[in-house]
Amino acid sequence: MSAQERLTDALYGLGWSTVKKLPEPVAVRLGRTVADLAWKRRGKGVRRLESNYARVVPDAGPERLAELSRAGMRSYLRYWMESFRLPAWSAQRVRGGFAPKGLHHLTDGIASGRGVVLALPHMANWDLAGAWVTTELKTPFTTVAERLKPETLYDRFVAYREGLGMEVLPHTGGAAFGTLARRLREGGLVCLVAERDLSASGVEVDFFGDRTRMPAGPALLAQQTGALLLPVTLWYDDSPVMQGRVHPPIETPGSGTRAEKTSVMTQALADAFATGIADHPEDWHMLQRLWLADLEPRPSDGDPA
């Protein structure tokens, strides 16, 4: 393990061991302070966030984009402060921490026994939404986590999410898809963060007027198992309660090849994500390159990754 990896792991460990013990108002202030400091430094992540917001809000000028990126960093640090503290929250605090709209789409799907795939972008706090599902709805689910470096950091994330009631599978390796399909055929619930393709073999979609790739997994799982595919978007308001929406189900087309059906369904998923992100851009935590045009090599060394 490199020195940088050891430092990263130690910092996350410090967050989970220390921040969760802070009174909530103190944690909120700490998160806002760290966010503002990071925003003022204008590092690569902040500049990339601002660049991504420029696609979401194309008529925004420099002042508006700066406001959005500052709000975006505050939202991002709120996610981390909440996540560090979430294992110490009472069941009552978890149940009162999330107020989703359109919940009947999910509860009806669970009751039907056909299996449900929830797909969501990196908005607000998806871990809190998951903890709410396991606590309020008393429904366990399976998800997939990207393998992080160092391995000890990945292990921390897996233990953290398993402690919230989730079954966590590694993203790498071919076994995850088969396990997810089995869970769905058993009538289970699968939750996937799904607007950024990590395999470089995703489905090309139009997203805010330009092309990107999104994972094929949610659409393929729904096709192969007959499960319901539900987009979810999340956002914060000025209260301690996170807001969310379960969008109507994405239907499997009645005709076409598997690839054609996957393309249609993934585009519908992208459209649902875009609706939620356009309404609450500051709660979309995309500090990496996403669009294909941004993934192409750039001559400038100063371009944010």
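Basis for what follows: all heavy atoms, side chains included, without hydrogens, waters or symmetry-related copies. Everything numeric here is computed off the predicted structure, so don't read it as measured data.
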Undergrad: Can you confirm whether D238 is buried at CG, in the sense that more than 12 heavy atoms of other residues, nucleotides or ligands lie under 6.0 Å from that atom?
TA: no

Undergrad: Which one of R48, R211, R289 satisfies the salt bridge (charged side-chain N to carboxylate O under 4.0 Å, His left out) criterion with D294?
TA: R48

Undergrad: Can you find a side-chain donor-acceptor pair between Y79 and D127 that sits under 3.5 Å?
TA: yes

Undergrad: Got a sec, which pairs hit salt bridge (charged side-chain N to carboxylate O under 4.0 Å, His left out) with one end in residues 73-82, sequence neighbours left out?
TA: D36-R74, R78-E82

Undergrad: In Å and rounded to the nearest 0.5 Å, what is the CZ to CZ distance from R114 to R185?
TA: 14.0 Å

Undergrad: Could you give the distance from CG (L292) to CG (D210), rounded to the nearest 0.5 Å?
TA: 7.5 Å

Undergrad: Roughly how far, to the nearest 0.5 Å, is the CD atom of E50 from the CH2 atom of W39?
TA: 8.0 Å

Undergrad: Which is it for E282 and R70 under the salt bridge (Lys or Arg N to Asp or Glu O under 4.0 Å) test, yes or no, and what are the steps along the way?
TA: CA-CA 8 Å; E282 67 279 3; R70 184 177 189 179; over 6 Å; no

Undergrad: Could you tell me the separation between the CE atom of M265 and the CG atom of L221, rounded to the nearest 0.5 Å?
TA: 9.5 Å

Undergrad: Any sub-3.5 Å donor-acceptor pair from D197's side-chain atoms to M214's backbone N or O?
TA: no

Undergrad: Looking only at heavy atoms, which two atoms of F141 and V133 are closest? And how far apart?
TA: CD2-CG1, 4.2 Å

Undergrad: Report, as yes or no, whether the 6.0 Å neighbourhood of atom CD on E186 holds more than 12 heavy atoms from other residues, nucleotides or ligands.
TA: yes

Undergrad: Kindly write out the residues that satisfy side chain to side chain donor-acceptor pair (under 3.5 Å) with R182, not counting sequence neighbours, or none if the list is empty.
TA: T179

Undergrad: For the residue pair A176 and P170, what are the closest heavy atoms and their distance?
TA: CB-O, 3.7 Å

Undergrad: Can you name the closest pair of heavy atoms from V56 and A278 and give their distance?
TA: CG1-CA, 4.2 Å

Undergrad: Tell me the side chain to side chain donor-acceptor pair (under 3.5 Å) pairs involving residues 216-232, sequence neighbours left out?
TA: Q223-T262

Undergrad: Mind checking the CG-OG1 spacing from L169 to T142? Nearest 0.5 Å is all I need.
TA: 6.0 Å

Undergrad: Looking at side-chain heavy atoms only, is the closest gap between L230 and V116 below 4.5 Å?
TA: yes

Undergrad: Taking only residues at least two apart or on different chains, which pairs with a member in residues 88-111 satisfy salt bridge (charged side-chain N to carboxylate O under 4.0 Å, His left out)?
TA: E24-R93, R95-E136

Undergrad: Report the distance from atom NZ of K44 to atom CZ of R42, rounding to the nearest 0.5 Å.
TA: 14.5 Å

Undergrad: So, H280 versus W284, ring centres under 6.0 angstrom or not?
TA: no

Undergrad: Is it the case that the side chain of T266 and the backbone of S263 share a donor-acceptor pair, with hydrogens and angles ignored and the cut-off at 3.5 Å?
TA: no

Undergrad: Side chain to side chain donor-acceptor pair (under 3.5 Å) with S90: which residues, sequence neighbours excluded?
TA: none

Undergrad: So which atom in T233 and which in A272 form the shortest heavy-atom distance, rounded to 0.1 Å?
TA: CG2-O, 4.0 Å

Undergrad: Can you check whether D271 reaches D206 side chain to side chain, under 4.5 Å on heavy atoms?
TA: no

Undergrad: Considering only residues two or more places apart or on different chains, which pairs with a residue in residues 258-267 satisfy salt bridge (charged side-chain N to carboxylate O under 4.0 Å, His left out)?
TA: none

Undergrad: For L234 and A124, work out which heavy atoms get closest and say how close.
TA: CB-CB, 3.7 Å

